Amino acid sequence: MASGGIKGYYRQRKSSVSKFASKSKSKPKSSTKISSKAAASLGSDRVQPSALISHGSLDLQGDYDESEELLRQFDMDMAYGPCIGMRRLDRWERANSLGMDPPKKVGDLLRGGKVGLECLWDGRV
Amino acid sequence: MGVMEIDTAKNLQRKQSLYQNLDEKYGIHKEQYRGQQYSHMYFTRLHHMRNLLYSLVKKWKPHLPVCKVLGLEEGKECIIVGTLYKHMKLKPTILDEYSKERSAVPLVKSHNFMHPEDYLVLEDESGRVKLGGTLLEPSLFVTGLVVALHGKETTTGQFLVQDIHEAGLPSQIELPLDSREDKYVIFVSGLSVGSTTSNPLQLQLLVDHITGHLGDEKEQSIASLIVRVVIAGNSVEIPQGLLNGQILVSKDQSRLSEPIKELDILLTQLAVAVPLDIMPGPNDPANFSLPQQPLHRCLFPGASAYNTFMSCTNPHSFEVDDIRFLGTSGQNIDDIAKYSEAKSNLDFMERTLRWRHIAPTAPNTLGCYPFTDRDPFFIENCPHIYFVGNQRKYETCLFRGLEGQLVRLIAIPKFCETGVAIALNMRNLECHALSFSTKLDS
């Protein structure tokens, strides 16, 4: 999902490299600058790689919906450990038994059964 | 000529003891393999040990902040907790097989892969940082243990270590020793039945001594104090030459099973007389990776008919009369010895206890099942006896922990090479060697 906005992906101005660059030039990417310290714990708006955009049409929705988006956030969250090789529900159960308090909504969704039970990377890695 | 009198006056009773098998966490029959890799094991290991270390660090250096690797700031003194990784120049990698140039140095050395240029890296889920400074000597550490480090980040991006805190020994249930009676547990390993170095007469001597068929009354009364026998791995040696991929003719097939049949006869003799635990070892017909699963009952049709026969996992954890035992068949210590150094193998055993993990090098260099939700090699309760089988020689010492824990460390030698079994007295945790020799000239 191109939640950063189209301007975030297409640079409007050349990024200034020379030493004489005037400070008045505003950086086009300032709105999407991420603090490097917290980068490792992010998972939110960079789920969809920009390669999907570069082919011309924007794949705004893809083939998944809001609940899948929530589950993907759960997959990507580093605090609960790696997600590859485990079913989502098993990983939720593990996080629960280790006392990490995973979001209850994710657990309910997974037990509901209408959502994808395998992790984001299943079959792709 | 007088008639020989058979002494029917005394019937010696063998002492009894309460036994509880604690091998449940080493079983893998309930696990389902879903294609996972080892990252989950490292994750659970880090999670458990980090929680433990966070609580210990509060008492150790309460004034210092604790942060993750990515949260390190230059010059700021703090504590980080993570998994140690040791970068080793000589550690064999599978990629060496594909390298176009082959150097004169052989690709794999058999003994030790240490090099003066090895360095340590600390890693957690946010990142890794190279460890600098002179406090940590890389030759004393291995990959896979979780520690807390006090130090600060330098300008070069390394972490200068000022102090280290290991997990330490877990708590131990105190035992009222010396108020009990003499009871012995016999440890033996490396019987290697079927190998060229094993001596059947020596094995028979061992079995006869334990079952009380040897010696006079005094000797037999000593043998009646034996309450358990633990065989710590490498009980058979199957002739490897047969397993070269060719189809086995029936003559070779019987040669394959001869060692196990011979072992079964010995074990039946033992099981009739005394409760017996047998653990698989590196050469036994069990799975390769740790935790090794119990040797199957069908291998021992004679011995498994008795309820005194217990086939156990490797590592093996059990309790006899409330004394907790923990031990392996040697793979964990042998692997640590390849990647670090110490004066004796007892030092390695001590270190694994202080690191609170019996096999930190699993799954890095020691084969291991990819658990997803637990790390079974984490030591939860401090054992009273910690044994390791298939070592070069018999060594033992008493190790004291900081909170008054008392552990007897035993390195059990290979019986086929030394003829030595170990007898442990449960009353005072003292042990001595039982040496069997069949040489008539010494």
Side-chain angles (χ1 to χ4, degrees), chain A residues 32-47 68 71-104 106-113 115-125, chain B residues 25 28 30-55 65-76 78 80-83 122-129 146 153 157 159 363-364 368-376 378 380:
Chain A
T32 52
K33 184 171 177 184
I34 320 159
S35 107
S36 60
K37 301 285 182 202
S41 57
L42 267 187
S44 48
D45 28 31
R46 295 289 171 186
V47 170
E68 176 68 18
L71 291 175
R72 285 190 182 187
Q73 291 304 322
F74 175 67
D75 279 345
M76 288 279 98
D77 194 341
M78 252 193 343
Y80 308 122
C83 67
I84 296 182
M86 270 187 106
R87 290 217 169 128
R88 279 172 172 162
L89 187 57
D90 290 336
R91 186 161 168 266
W92 192 93
E93 300 283 354
R94 174 179 79 182
N96 205 16
S97 59
L98 290 178
M100 291 172 187
D101 260 336
K104 197 169 172 307
V106 173
D108 292 338
L109 265 178
L110 289 169
R111 272 182 281 262
V115 291
L117 291 176
E118 302 289 342
C119 86
L120 169 65
W121 306 112
D122 185 59
R124 298 188 194 183
V125 177
Chain B
K25 62 173 171 168
I28 56 175
K30 289 199 190 111
E31 302 284 329
Q32 264 188 309
Y33 182 64
R34 294 198 193 284
Q36 70 267 22
Q37 295 186 359
Y38 294 111
S39 52
H40 300 279
M41 245 187 105
Y42 279 118
F43 167 70
T44 43
R45 185 186 298 180
L46 180 61
H47 177 85
H48 272 121
M49 297 197 70
R50 187 162 53 183
N51 284 348
L52 170 75
L53 280 167
Y54 277 169
S55 59
V66 178
C67 59
K68 299 264 166 85
V69 167
L70 214 56
L72 282 177
E73 287 166 26
E74 199 182 306
K76 181 176 106 171
C78 60
I80 50 174
V81 179
T83 316
L122 191 85
E123 184 177 314
D124 69 9
E125 72 268 8
S126 60
R128 37 162 53 188
V129 64
V146 179
E153 191 186 344
F159 186 78
N364 186 33
C368 172
Y369 179 82
F371 291 98
T372 53
D373 53 357
R374 62 199 171 97
D375 184 354
F378 176 66
E380 267 149 39

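Just so it is clear: chains get the letters A, B, ... in the order the sequence lines come, proteins before strands, and each one is counted from 1. Note that the coordinates shown come from a computational prediction; the quantities given were computed from them, not determined experimentally. Hydrogens, waters and symmetry mates play no part in the numbers below; they use all other heavy atoms, side chains included.
Summarising the local packing, CD of Glu118(A) is surrounded by more than 12 heavy atoms from other residues, nucleotides or ligands at distances under 6.0 Å. Atom NE2 of His47(B) is surrounded by more than 12 heavy atoms from other residues, nucleotides or ligands within 6.0 Å.
With respect to chain A, the highest number of heavy-atom pairs below 4.5 Å among Tyr33(B), Tyr42(B), Phe43(B) belongs to Phe43(B).
For chain A, the nearby parts of His40(B) are the backbone and the side chain; heavy atoms of each come within less than 4.5 Å.
Atoms CZ and CD, on Arg91(A) and Gln36(B) in that order, are 13.5 Å from each other to the nearest 0.5 Å.
Residues of residues 92-102 of chain A placed with any heavy atom under 4.5 Å of a heavy atom in chain B are listed by number as Arg94(A), Leu98(A), Met100(A).
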